[in-house]
J.: 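The structure is given below, and queries will be raised subsequently.
The analysis underlying the following values was restricted to heavy atoms, covering all of them including side chains, and did not include hydrogens, waters or symmetry mates. Everything quoted here is computed from the prediction, not taken from an experiment.
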Amino acid sequence: LRPLPFKNASRLVFVMQRFPKQPVGASFDTYREFQEWKRYSYGFEKLAVAAWGQGGGVLSWHGKKQEVGWVPVSVDFFSMLGVEAAQGRIFNRQYLIDPCTVVLSHQFWQKRLGGTPDMVGKSLVLNNTPCTVAGIMPKTFSFYPKQTQLWTLITPTSDFAKKPWDKNVAVFGLLRTGVSRTSAQVELT
């Protein structure tokens with residue numbers, strides 16, 4: 001297998017809980033569990049979440065409405081992967097006070113938004129909520145699911161924070177240098 005196309009790929013991990021008595025054997029985590037792991041974990045340089053299947057709806061752009069798919073992510077998602085935006089910025093803590101901030105995939109920006117050259121800083125309307133475009137990812141960037149059109153920032157006022165036990169997320173981590181997967185697993189347990 002080829003290594004993942006991210007910085008420090010050998011230290012990236014996917015965190016799932018094991019339930020040996022269940023038929024599937026593993027399950028996604030809740031946003032609340034992620035919050036606790038992030039608060040008390042020492043084996044990870046960064047922990048971040050992506051909430052597949054929990055984003056999407058209607059984009060209003062230039063008077064037209066269209067269906068789009070997005071993935072809500074936590075503030076450290078892109079920095080954990082070691083990627084930067086091709087234009088503008090990835091999410092950072094200053095955006096946590098904004099009601100809605102997005103980062104666009106390069107393909108979505110090109111094909112659905114016409115490659116508007118001054119897109120960074122503009123506003124898009126997602127499900128009737130104005131969202132500021134923080135950045136546009138490089139053409140070569142992709143993450144599961146590959147067809148993601150944009151990423152929205154999970155903020156302290158989002159449904160994830162308001163109902164953390166009700167929101168399932170995929171948790172990813174960047175292990176600290178020298179920390180083994182086994183050691184990190186014991187810590188999370």
Side-chain angles (χ1 to χ4, degrees), residues 4-9 11-14 31 34-35 37-39 41 44-52 54-62 66 68-161 167 169-177:
L4 295 171
F6 306 117
K7 187 177 179 182
N8 302 310
R11 294 191 292 134
L12 289 173
V13 296
F14 181 31
Y31 190 73
F34 159 72
Q35 289 174 315
W37 291 337
K38 188 171 173 76
R39 181 177 302 155
S41 172
F44 292 91
E45 197 171 300
K46 293 184 187 229
L47 279 169
V49 299
W52 304 314
Q54 297 195 40
V58 177
L59 165 73
S60 300
W61 173 249
H62 288 276
Q66 53 184 303
V68 294
W70 60 80
V71 175
V73 297
S74 61
V75 70
D76 290 327
F77 179 75
F78 294 112
S79 62
M80 177 200 62
L81 296 173
V83 295
E84 292 292 332
Q87 294 181 42
R89 295 186 278 194
I90 57 172
F91 297 132
N92 61 47
R93 301 217 175 280
Q94 83 178 42
Y95 294 117
L96 289 173
I97 60 171
D98 294 341
C100 182
T101 307
V102 300
V103 170
L104 309 176
S105 76
H106 188 273
Q107 184 177 7
F108 177 72
W109 168 63
Q110 283 287 307
K111 293 187 177 182
R112 300 279 292 272
L113 302 178
T116 304
D118 58 347
M119 195 72 220
V120 173
K122 296 272 189 203
S123 182
L124 300 175
V125 178
L126 301 176
N127 289 344
N128 297 317
T129 301
C131 301
T132 303
V133 176
I136 301 165
M137 294 308 288
K139 187 176 187 176
T140 57
F141 176 78
S142 105
F143 195 83
Y144 183 83
K146 192 171 183 154
Q147 66 272 20
T148 300
Q149 297 168 313
L150 56 103
W151 296 267
T152 59
L153 180 61
I154 296 172
T155 67
T157 59
S158 70
D159 280 346
F160 289 88
K167 296 294 184 178
V169 294
V171 179
F172 300 92
L174 176 63
L175 295 170
R176 289 192 188 281
T177 303

J.: I need the minimum non-hydrogen distance between R112 and Q149, along with the two atoms involved.
T.: NH1-NE2, 2.6 Å
J.: Supply the atom-to-atom distance T155 OG1 to Y95 OH, rounded to the nearest 0.5 angstrom.
T.: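 If I round to the nearest 0.5 Å, the distance is 14.5 Å.
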J.: Test D76 against K38 for side-chain contact (heavy atoms from CB on, under 4.5 Å), laying out the working first.
T.: CA-CA 11 Å; D76 290 327; K38 188 171 173 76; 2.8 Å; yes
J.: CG of L4 to CG of L81: how many Å apart, nearest 0.5 Å?
T.: 9.0 Å
J.: How far does CD of E45 sit from OG1 of T177, to the nearest 0.5 angstrom?
T.: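 Going from CD on E45 over to OG1 on T177, the span is 6.0 Å.
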J.: Can you give me the closest heavy-atom contact between S79 and K46, atom names plus distance?
T.: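 Here S79 and K46 meet closest at OG-NZ, 3.0 Å.
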J.: State, to 0.1 Å, how close I90 and V83 come at their nearest heavy-atom pair, and which atoms those are.
T.: CD1-O, 3.6 Å
J.: Just by modelled atom types, is the V49 backbone N or O under 3.5 Å from a matching donor or acceptor in the S74 side chain?
T.: yes
J.: Would you please name every residue forming a ring-ring contact (aromatic ring centres under 6.0 Å, His included) with F91, sequence neighbours left out?
T.: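 So F91 forms a ring-ring contact (aromatic ring centres under 6.0 Å, His included) with F78.
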J.: With ring-ring contact (aromatic ring centres under 6.0 Å, His included) as the criterion, how do F141 and W151 come out once you've worked through the C-alpha distance, each side chain's angles and the decisive distance to 0.1 Å?
T.: CA-CA 13 Å; F141 176 78; W151 296 267; 5.6 Å; yes
J.: As a quick check of understanding, evaluate side-chain contact (heavy atoms from CB on, under 4.5 Å) for F34 and F160, giving each step before the final call.
T.: CA-CA 11 Å; F34 159 72; F160 289 88; over 6 Å; no
J.: Quick one: are V133 and L113 in side-chain contact, heavy atoms under 4.5 Å?
T.: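 SC-SC contact between V133 and L113 ruled out.
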J.: With side chains defined as the heavy atoms from C-beta onward, is the minimum distance between W70 and L59 less than 4.5 Å?
T.: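 Contact flag for W70/L59 side chains = no.
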J.: Find the distance between CG (L12) and CZ (F44) and round it off to the nearest 0.5 Å.
T.: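 Those atoms lie 10.5 Å apart.
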J.: Please tell me if the side chains of L96 and L153 come closer than 4.5 Å, counting only heavy atoms from C-beta onward.
T.: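 Heavy-atom side-chain distance check passes, below 4.5 Å.
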J.: Does any part of the side chain of W37, heavy atoms only, come nearer than 4.5 Å to the side chain of V171, both counted from C-beta?
T.: yes
J.: Could you tell me whether the side chain of R11 and the main chain of L175 form a donor-acceptor pair under 3.5 Å?
T.: yes
J.: For W109 and Q87, run side-chain contact (heavy atoms from CB on, under 4.5 Å): C-alpha distance rounded to whole Å, both residues' side-chain angles, the deciding distance at 0.1 Å, then the answer.
T.: CA-CA 11 Å; W109 168 63; Q87 294 181 42; 3.1 Å; yes
J.: Please evaluate residues T116 and K122 with respect to the criterion side-chain hydrogen bond (donor to acceptor under 3.5 Å, both in side chains), reporting the C-alpha separation (whole Å), side-chain torsions for both, the decisive distance (0.1 Å), and the verdict.
T.: CA-CA 10 Å; T116 304; K122 296 272 189 203; over 6 Å; no
J.: Determine, step by step, whether Y31 and I154 satisfy the side-chain contact (heavy atoms from CB on, under 4.5 Å) criterion, reporting the C-alpha distance in whole Å, the side-chain angles of both residues, the deciding distance to 0.1 Å, and the verdict.
T.: CA-CA 10 Å; Y31 190 73; I154 296 172; 3.6 Å; yes
J.: Would you compute the distance between atom CZ of F108 and atom CD1 of I136 and round it to the nearest 0.5 angstrom?
T.: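 Nearest 0.5 Å value for the CZ-CD1 distance: 10.5 Å.
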J.: Do you know which two heavy atoms are closest between F172 and A50, and how far apart they sit?
T.: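 Where F172 meets A50 most closely, the heavy atoms are CE1-CB, 4.1 Å.
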J.: Hey, is CD on Q107 packed in by over 12 heavy atoms from elsewhere, all under 6.0 Å?
T.: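 Count not over threshold, so no.
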J.: What heavy-atom pair brings P145 and V71 nearest, and what distance separates the two atoms?
T.: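 Between these two residues, the closest heavy atoms are CD-CG2, 4.2 Å.
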J.: Please output the side-chain donor-acceptor pairs of residues 123-131 that fall under 3.5 Å, not counting sequence neighbours, one pair per line with the distance.
T.:
residue	atom	partner	partner atom	Å
N127	OD1	V58	N	2.8

J.: Kindly give the heavy-atom pair with the smallest separation between M80 and A48, and that separation in Å.
T.: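 Of all heavy-atom pairs spanning M80 and A48, the closest is SD-CB, 4.0 Å.
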J.: Ring centres under 6.0 Å, that's the criterion: do Y144 and F14 meet it?
T.: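 Not close enough - the centres of the two rings lie 6.0 Å or further apart.
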